[in-house]
Structure formats: C-alpha cells, structure tokens
Amino acid sequence: MLEKFIFGNLTLQAIPYHNPIIMGAAAMMAVVGAIILGSLFYFKKWKWLWSEWITSVDHKKIGIMYLILALVMFLRGFTDAIMMRLQQALAAGDSLGYLPPEHYDQIFTAHGVIMIFFMAMPFMFGLINIVLPLQIGARDVAFPYLNSLSLWLSVVGAVLVNISLVVGDFAATGWLAYPPLSEIAYSPTVGVDYYIWALQISGVGTLLSGINFVVTILKMRCPGMTMMKMPVFAWTVFCSMILVILAFPVLTVTLGMLFLDRYFGMHFFTADFGGNSMMYINMIWIWGHPEVYILILPAFGMFSEVVATFSKKYLFGYTTMVWATASITVLSFIVWLHHFFTMGAGADVNGFFGIATMIIAIPTGVKVFNWLFTMYRGRITFTTPMLWTVGFITTFVIGGMTGVMLAVPAIDFQVHNSVFLIAHFHNVIIGGVVFGYLAGFTYWFPKAFGFKLNEKLGKYAFWCWLIGFYTAFMPLYALGLMGMTRRLSHYSNLEWHPYLIVAAIGAAIIGCGVMFQVLQLIVSIKNREHYRDKTGDAWEGGRTLEWSIPSPAPFYNFAILPHVDSRDAFWVAKQKKLANPHAITHPQYQDIHMPKNTGIGFIIAMFSGMFGFAMIWHIGWLTVAGLIGILATTIIRTFDTHTDYYVKTAEIERLEKVIA
C-alpha cells in the first residue's frame, strides 16, 4: 500500500530491459549526460551555467538555447526516421525486419511528435528570438520573464518524451493520436499519457511565446517603423504568432478532453454515451492545419530576407508579400477538413474545403513569383543560405502541386492514408520549413555567435539534403499510387521492395548531409577567429537593422534606439554612403532600462515536469506537490519588485568603445 502511494503505477517492469535497442539508446543517453555533468564539475561551470544561461532573460541567449534543444531533438527524431526506413527496406516477404511491430508503432509516433513539436517549433522560436527584436529596433521582447518560462516549458515537454523511451513507453497511435486507438481501451499503457502531458506543457509555453511576440511587434518597434516599414520576416512572424494564439488553445482543449476520457471514463471521443471520435479529428486538425502555416510562414520570411540580401535588390512586391501572408493566415483556418475527405461529410462540405484548399495556393504562388522576380537581373551570390532558398523554390513547388492534387476529393479518396500523403507532407515540411530554417540559421548565425559558418561544408550539406530528399521521397509518391498504405512495419508485395530500398538510400544521403552540418559546426567553432565577423554586416549586404550593430549583438542590442524612415533602413543608410550606421539613430546615449535575470521560469517548468510525470504514473502526492510548487512560485514572482535595472550612460560609452 505504501509502495502504491509513493510510486503510483510506476514499477521496475516499466523499464524495457528485454529490448536491446531501447536499452542501448538509454545507455548512450546516460553516457552523454554523464560526460556533460562531469565536464560541468571538472571545469566548475555550474555557477556560470545558472547565472549566464538558465536564469537569463536575454532574448538572444534564449534563442540559442532553443536552437540547442532543436538540434538535440532533431538528432533523436532523425534517428527514428533512419530506423523506420531501414525496417521497411528489410521487412519484405518472409523477412520481418529488426523492429517488433509495437516498437515500430512507437517510433513513427515519436518521430512525428518530435520533429513537429520539439524540433521545428524550437528551431522557429530560436531564430525568432535571436532576430526579431533586432529587426524592429527593440532591446528585448515585451515580456522577458515569460520568454524564459516558454523556453523551459518546451524543454520539459521534450524531456518527458525522452523519458518515455526508458520508463514506460510512448504512444503507438500516430503523431495526432486519433481515437479510438488513443482511448484507454486500446492504449492502456502510459504511452498516450506521455503524449498528452508533453504536448500540454510545451503547448502552454508555445501559447505564451505567441502572445509575447505579438505584443513585441505591436508595441516595441523603434521610432519611425510603421507596420508597412517592417521587414517581411517580422510580418510573417506576426501572422504566425496570431495563428499560435488562435490555434493552440484548441489543441489544449482537445487533449484535455482526451485526458478526461482516459482518466475519468468520460466519452467525448468514444462510441459510448453519444461520443464521437470524428469530433476529435475535426478539433485536432482545426489546430493541425494552422500549425503547418505557423511553421512555414516564418520560413517564408527567412527566404525573403535571404533573397533580397544575396540578389542585392529590394524585395519585389513588398506590399503583395504582406497581403499574401495575411491571406494565408485567414485561409489556413478554413481548409482543415481536406485531411479527412473520406469521413462521409458529403459532396457540399468536401467541395467547399477542396476549393478553399486550392485558393490558399494563390497567395503562396504570389510569394514564389515575388522571390523569382527579386532574383531576376539581380547580382546573385550563391552562398549557402541562397542555395537553401533556390532548393526550396523548386522542391516546395512540387509539394504545392501535389497538395492541390490532394485538394480534389476524388483524388484524395484514392490516395488517402497512403504513403503518397507521407511524400507530400515531407515535401512541404522538409522542402519548406527545414530548408527555410537552415537558410535562416546559416544567414543569422554570425549575428548570434560572432562568426560565420564554413561555406564549403555548408554547401556539401545542402547538396546531400537536396539529393537525399528527392531520393528518399519521390519513390513514396509512386508507392502511394501503387496502393501502399502508411505505417506498415511489414509488407508482402515484393514489387514495393526496390522503391523502399531507394528510399532508405535517400535517408542515408540525408544522413551524410547531417554529418556535414555537425562537422561544419565543429570546424567553424574551432576556426572561429578565421570566420570572425568584425563589421556586424557579416554578408556585406545586410539590409535590415540587425546588421547595423556588432556581432554578436551586445546584451542591450542598441546603444541608441534607431529612428527609421524607410524599409531596409540599414541598406538605405549604406547607399547614402553614411560611414556610421548610427547616423540613422538619435545621436546621444541615454540610460537603458533592462530586465533582471530570474530563475522563476526554470523553477515553474521543473514543477510542471513533476506534475506531468505524476499525472502520467498516477502518483498522487507528487501531483499535489507539483501543483503547489507551480502556484507558490508564481505567487512569489508577483511580489518581486526588483525585476529590472538601468545601464548607466557611462557604462554604455565604455562598452561601446570596447566593442568598437
């Protein structure tokens, strides 16, 4: 009885000792963790880690920590992808491959969850944190403490997903956890509970970030920067964050109802007592389709900045770009049903959503033509960010065309639930989101770290990614048309086998690209003095305000807040041959108001992790302790009146001389 009180449903049997793959991965995680902890002790860096990073509210450091989270989770999610491709390449005919079906189901679920929620979202928020305040001439985000809390809630969600690898199991339902498979009758273990609480906790962090960035853009632009003078990247972030504010509460409510079904025997999504699983599917896609645009819109903004910089031209059709972004924002909420045309809603409903899906391709096409016209007769420099952009245009257009195909209900009926959809989805997510974020990462890396990345290795990585993508996913289009359904761990149709061998080779080529990127980071860090950005304008063609200050940016961003009177203010200043970029700013230093570091966000997130783990394993006392910890820490924060300070004029002058 005491054991039940202390540990809830958690027992030693929850650790899968019998699975060598899982235990091997757990051992590797333990070794890496031990090395990191040992290094912190050996070099006596605990105080530095706490004071400079964990408690930091500097948006740039928070952005870097988001990028680290994204990198770690990408390696985990990509490992899952390699395991799936290898399993399908082996499991043909009499061969059953090397993964048991129940493990394979967890892997494809974890892959989708990790890549969307814990790789793409942190990657997006990392780049936004680093760049957006600099682009609009702000010294920080509107709510620095909430920014810290958002980061650590995302980290806690990712930690819960990784704990599920070793303690218990993860959902075996697919990345959207459709009922009835996710209901307690069909998923009686803790896998779906890990899914619910990892997403609920990280989702709160995402919602807080959305509110934070919308307020930052509306209230913290520098003098003279009207909305129509903002960089296109700022516009795409603004629209993306509006979608976050509107869509993520839907996800929270949907998973909350699933939680009530599983924990308290309610019947929102079961066939008993009037429940309906299709209600869940409608609700999850009311969040899920805007989520695709939450991810892709900032990538569109990154491509816009890269194209203008490396074509050495103003972005063609700025106003149409802004209105196209706004149109996509609105239309993204009226296309969700194209994910399940086969549910039997009828021709009228299917026709409406099919037409809406086709219409959303129009503003996307406007953007593509604007990028092409920006490049037309430009003095193009094919740097690594520009290569990612050119690769995106061709790849994303193919993905868009297949999307328009799937918008036709008659076609969708034929290929629904096939690997054709897998190919389409990865076509737009890899070719759009991943290529966009990698372009932005390479482009703004020197602004965050003070030195550029090795170009040669970056280009090697790009070509491996591009060739590997086409090799890995074009066969899936063909297989989908041949009738292969998704999520198969074994198949008896040997005609599919050669295509899946090719797909596995493509995944391996992408893996080479990933290795080149890791090598690129190592080489660039080792030779950082050689790649040092000494001017602040790392690419010698910067157009927006982030390039007007040193690299890396000082903690206060701008010694003097900029005053702008045009788009591409820094480019205009350079064209007027103003030797000092600060000529576009107010000419006199003043005291700078800055937020103090705080560990409150980290502490609340840790209590949230305790609460989530306790809810997963039904540990009553830990649930209460986690809730009390969250509430008590939040209340303590409200009584803290020492949350800011001023950097004095003399200190600013001294720091600026050192930087210069």
Side-chain angles (χ1 to χ4, degrees), residues 1-12 14-15 33 50 54-55 65 69 73 113 117-118 121-122 143 145-171 177 182 184 187 189-209 248-249 251-266 598-640:
M1 199 64 186
L2 179 63
E3 184 179 346
K4 181 74 173 177
F5 173 77
I6 296 174
F7 297 107
N9 294 337
L10 181 60
T11 64
L12 284 175
I15 300 174
W50 175 261
I54 292 176
T55 62
M65 288 187 282
L69 172 63
M73 296 308 288
V113 170
F117 289 98
F118 300 111
M121 294 294 284
F143 308 114
Y145 150 65
L146 285 187
N147 203 19
S148 170
L149 176 59
S150 299
L151 164 70
W152 293 113
L153 288 174
S154 297
V155 170
V156 165
V159 168
L160 284 177
V161 172
N162 283 315
I163 289 175
S164 74
L165 178 69
V166 184
V167 183
D169 56 7
F170 195 61
S182 56
I184 197 73
S187 294
T189 62
V190 295
V192 175
D193 302 319
Y194 270 114
Y195 174 92
I196 289 172
W197 291 107
L199 268 56
Q200 290 287 54
I201 292 170
S202 64
V204 171
T206 299
L207 180 60
L208 292 175
S209 288
F248 267 80
L251 177 67
T252 300
V253 170
T254 306
L255 295 179
M257 293 165 74
L258 182 61
F259 155 73
L260 293 173
D261 273 9
R262 289 179 59 84
Y263 278 62
F264 298 110
M266 293 187 154
T598 176
I600 293 293
F602 176 79
I603 295 168
I604 290 175
M606 294 304 104
F607 280 122
S608 300
M610 287 171 50
F611 172 77
F613 188 79
M615 291 298 288
I616 291 164
W617 289 101
H618 298 257
I619 307 173
W621 68 269
L622 190 59
T623 301
V624 174
L627 273 177
I628 292 173
I630 293 168
L631 293 172
T633 311
T634 305
I635 292 169
I636 290 169
R637 168 69 183 183
T638 64
F639 287 97
D640 185 0

Chemist: With a 4.5 Å limit on heavy-atom distance, are the side chains of Ser148 and Thr598 in contact?
Modeler: no
Chemist: Measure across Gly609 and Leu160 and return the closest heavy-atom pair with its distance rounded to 0.1 Å.
Modeler: O-CD2, 4.4 Å
Chemist: Taking all atoms of both residues into account, what is the closest heavy-atom pair of Ile201 and Gly612, and its distance?
Modeler: CD1-CA, 4.1 Å
Chemist: Checking side chain to side chain contact (heavy atoms under 4.5 Å, CB included) for the pair Tyr194/Val167: CA distance, chi angles, key distance, verdict?
Modeler: CA-CA 10 Å; Tyr194 270 114; Val167 183; 3.9 Å; yes
Chemist: List the steps and the verdict of side chain to side chain contact (heavy atoms under 4.5 Å, CB included) for Leu258 and Val192.
Modeler: CA-CA 10 Å; Leu258 182 61; Val192 175; 4.2 Å; yes
Chemist: Taking the side chain as everything from C-beta on, heavy atoms only, tell me whether Asn9 gets closer than 4.5 Å to Lys4.
Modeler: yes
Chemist: Looking at every heavy atom in both Ser182 and Ala177, which two are closest together, and how far apart are they?
Modeler: OG-O, 2.8 Å
Chemist: About how many Å separate OG of Ser608 and CG of Leu149, when rounded to the nearest 0.5 Å?
Modeler: 7.0 Å
Chemist: State the CG-OG distance between Leu151 and Ser202, to the nearest 0.5 angstrom.
Modeler: 12.0 Å
Chemist: Between Met73 and Asn162, is any pair of side-chain heavy atoms under 4.5 Å apart?
Modeler: yes
Chemist: Is the closest side-chain heavy-atom distance between Phe602 and Val155 below 4.5 Å?
Modeler: no
Chemist: Name the one of Phe613, Phe611, Trp617 that satisfies side chain to side chain contact (heavy atoms under 4.5 Å, CB included) with Met615?
Modeler: Phe611
Chemist: To the closest 0.5 Å, what do you measure between CG (Leu165) and CD1 (Ile15)?
Modeler: 11.5 Å
Chemist: How long is the gap from CG on Leu199 to CZ on Phe248, to the nearest 0.5 Å?
Modeler: 8.0 Å
Chemist: Determine the minimum heavy-atom distance between Gly157 and Ala198, stating which atoms define it.
Modeler: O-CB, 3.5 Å
Chemist: Please assess Arg637 against Ile604 for the test side chain to side chain contact (heavy atoms under 4.5 Å, CB included), listing each intermediate value before the final yes or no.
Modeler: CA-CA 10 Å; Arg637 168 69 183 183; Ile604 290 175; 5.9 Å; no
Chemist: Going by heavy atoms in the side chains, are Ile603 and Trp152 under 4.5 Å from each other?
Modeler: no
Chemist: What is the minimum heavy-atom distance between Val156 and Ala605, and which atoms define it?
Modeler: CG2-O, 3.2 Å
Chemist: Just wondering, are more than 12 heavy atoms of other shown residues or ligands nearer than 6.0 Å to CH2 in Trp621?
Modeler: no
Chemist: How long is the straight-line distance from CZ of Phe5 back to CD1 of Ile619, given to the nearest 0.5 Å?
Modeler: 10.5 Å
Chemist: Any side-chain heavy atom of Asp193 sitting closer than 4.5 Å to one from Tyr263?
Modeler: yes
Chemist: What's the separation between atom CH2 in Trp197 and atom OG in Ser164, rounded to the nearest 0.5 Å?
Modeler: 16.0 Å
Chemist: Does any part of the side chain of Asp261, heavy atoms only, come nearer than 4.5 Å to the side chain of Ile184, both counted from C-beta?
Modeler: no
Chemist: Is the shortest heavy-atom distance from the side chain of Phe117 to the side chain of Leu251 under 4.5 Å?
Modeler: yes
Chemist: Dump the intermediate steps for side chain to side chain contact (heavy atoms under 4.5 Å, CB included) on Tyr195 and Leu255, then the final yes or no.
Modeler: CA-CA 9 Å; Tyr195 174 92; Leu255 295 179; 3.8 Å; yes
